[in-house]
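First the structure, in the form of structure tokens, and then the observations on it.
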Amino acid sequence: MSVLTKEKMYEDINRWKKEKNAIILAHYYQDGDIQDIADYVGDSLALAQKASKTDAKIIVFCGVHFMAETAKLLSPEKKVLLPVMEAGCVMADMMDEAAIKKYREENPDTIILMYVNSTAACKQYADVCVTSSNALKIIDHYSKLGKKMLYGPDKNLGAYAMEKSNIQMDLWHGFCGIHNGMQPKDVILAKEKYPNAEFVCHPECNLNVLKMANYIGSTKQLIEYVTKSDKKEFIIGTEIGVIHEMQKRNPDKKFYILSDRLRCFEMKLTRLEDLYNCLKDETNEINISEEVSKKAVKCVNKMLELS
Ligand code: 13P
Ligand code: SF4
């Protein structure tokens with residue numbers, strides 16, 4: 001029986017990509033093996049932008065379900081595949097379609113700002129979508145209209161935006177388990193251990209942790225920040241997968257993960273073998289009903305227009 005080595009899988013994947021006119025998009029939280037074979041690695045916004053522009057016929061999305069759904073919303077004519085269908089997002093699951101529908105009905109004049117970490121079914125009720133890299137800009141834009149606003153599902157990013165822009169919004173009660181779990185005491189201990197390191201983190205962390213950061217940004221923004229910085233050491237307050245690209249771009253710098261708990265179980269469900277089988281057999285296609293798609297795509301397009 002022949003064993004499928006990483007090299008053999010890379011060889012076949014590269015061949016199939018050409019034969020099938022397929023593109024592989026991967027999020028920075030994916031395993032290094034997957035990031036290295038992807039055509040494009042990015043944060044949620046960059047991946048959505050890439051999906052909207054590609055000429056490929058097949059998009060294999062190595063990430064979680066809401067990300068592949070966003071790609072499908074933007075490219076309904078393309079075949080969008082998610083190597084592991086069960087790869088979801090705990091935060092996205094904290095917003096239920098029936099609940100947001102009810103909120104919309106009861107608050108017809110409220111502007112609903114929807115974090116991209118949400119299902120397509122929920123996005124139908126939003127005015128605009130945001131990601132961690134454009135949330136502050138888009139929230140600021142809407143706050144000038146002087147209307148009531150709801151931000152969800154991430155209560156932490158919402159609270160951060162309210163503090164930064166000095167505005168009020170209703171907040172949904174969702175959060176990311178791994179980001180929300182970071183505590184100020186973890187940062188204090190890490191700073192004691194690495195006194196020369198800067199602490200950088202993702203805006204999904206709670207406000208007490210965000211206040212201790214030298215820099216806050218999306219996964220892509222964090223990677224760009226540590227790359228441009230003159231500093232040589234960084235404590236990382238987001239999912240461990242980002243360190244792969246940070247280290248690749250900065251072999252002379254040191255990156256310390258804030259806690260061993262910073263592994264997104266859902267993101268790590270996808271293994272190279274899953275990508276291999278998915279592209280080979282063209283399985284796990286994302287389908288969204290035309291009715292949902294027509295409504296949900298509007299808030300994503302609005303975001304791209306304002307980004
Ligand atoms: P980014 O948009 O920063 O890549 O974040 C996505 C995410 O799920 C963070 O937990
Ligand atoms: Fe969702 Fe958190 Fe995983 Fe990001 S890290 S995909 S918010 S569960």
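Values reported hereafter were calculated over all heavy atoms of this structure, with side chains retained and with hydrogens, waters and symmetry mates removed. Counting starts at 1 for both ligands and their atoms, following the listed order.
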Inset, instruction - Taking only heavy atoms of S218 into account, list the atoms of ligand 1 that are under 4.0 Å away from them. - result: 3 (O)
Legend entry - Shortest protein contact, atom 1 (P) of ligand 1 (heavy atom only): S132 OG, 3.4 Å
Inset, instruction - Take every heavy atom of H179, measure it against each atom of ligand 1, and state whether any distance is under 4.0 Å. - result: yes
Legend entry - Atoms in ligand 1 flagged as close to N117, the criterion being non-hydrogen separation under 4.0 Å: 7 (C), 8 (O)
Inset, instruction - Just need the protein heavy atom nearest to atom 5 (O) of ligand 1, so name the residue and atom and give the distance. - result: H202 NE2, 3.3 Å
Inset, instruction - Would you indicate whether the side-chain heavy atoms of I178 and R263 approach each other to under 4.5 Å? - result: no
Legend entry - ligand 2 atoms in contact with V90 (distance to a heavy atom under 4.0 Å): 8 (S)
Legend entry - Atoms in ligand 2 flagged as close to C176, the criterion being non-hydrogen separation under 4.0 Å: 2 (Fe), 5 (S), 7 (S)
Inset, instruction - Take N14 and I37 through the side chain to side chain contact (heavy atoms under 4.5 Å, CB included) test and state the conclusion after the steps. - result: CA-CA 8 Å; N14 279 326; I37 186 84; 3.6 Å; yes
Inset, instruction - Could you tell me how the ring of Y115 sits relative to the ring of Y151: parallel (under 30°), tilted (30 to 60°) or perpendicular (over 60°)? - result: tilted
Inset, instruction - Compare every heavy atom of P153 with every heavy atom of S118, then report the nearest pair and how far apart it is. - result: CB-CD, 4.2 Å
Inset, instruction - Tell me, please, if H179 has any N/O/S atom, main chain or side chain, under 2.8 Å from atom 2 (Fe) of ligand 2? - result: no
Inset, instruction - Measure from atom 3 (Fe) of ligand 2 to each N, O or S atom of C264 and report whether any distance is below 2.8 Å. - result: yes
Inset, instruction - Output the list of atoms in ligand 2 that are nearer than 4.0 Å to some heavy atom of Y29, sorted by atom number. - result: 4 (Fe), 5 (S)
Legend entry - Minimum-distance protein heavy atom relative to atom 9 (C) of ligand 1: E204 OE2, 3.1 Å
Inset, instruction - Have a look at ligand 2 and work out which part of E204, if any, has a heavy atom under 4.0 Å from it: side chain, backbone, both or neither. - result: side chain
Legend entry - Atom NZ of K294 with >12 non-hydrogen neighbours under 6.0 angstrom: no
Inset, instruction - Report yes if some heavy atom in the side chain of M169 is under 4.5 Å from a heavy atom in the side chain of I139; otherwise report no. - result: yes
Legend entry - Nearest-contact summary for atom 1 (Fe) of ligand 2 - protein heavy atom, Å: C89 SG, 2.4 Å
Inset, instruction - Tell me yes or no: between the side chains of E97 and Y125, is some donor less than 3.5 Å from an acceptor? - result: yes
Legend entry - Contact with ligand 1 for Y28, non-hydrogen, under 4.0 angstrom: no
Inset, instruction - Give the ring-plane orientation class for Y194 versus Y256, where under 30° counts as parallel, over 60° as perpendicular and anything between as tilted. - result: parallel
Inset, instruction - May I ask whether H27 places a heavy atom under 4.0 Å from ligand 1? - result: yes
Legend entry - Minimal non-hydrogen separation, G237 against M182, with atom names: O-CE, 3.4 Å
Legend entry - Side chain proximity check, P83 to Y276, heavy atoms < 4.5 angstrom: no
Inset, instruction - Using a 4.0 Å heavy-atom cut-off, say whether T219 meets ligand 1 through its side chain, its backbone, both or neither. - result: both
Legend entry - Heavy-atom nearest neighbour in the protein, as seen from atom 6 (C) of ligand 1, with distance rounded to 0.1 Å: S44 OG, 3.4 Å
Legend entry - Heavy-atom side-chain proximity of N180 to K155 below 4.5 angstrom: yes
Legend entry - Enumerated ligand 1 atoms positioned under 4.0 Å from heavy atoms of Y29: 7 (C), 9 (C), 10 (O)
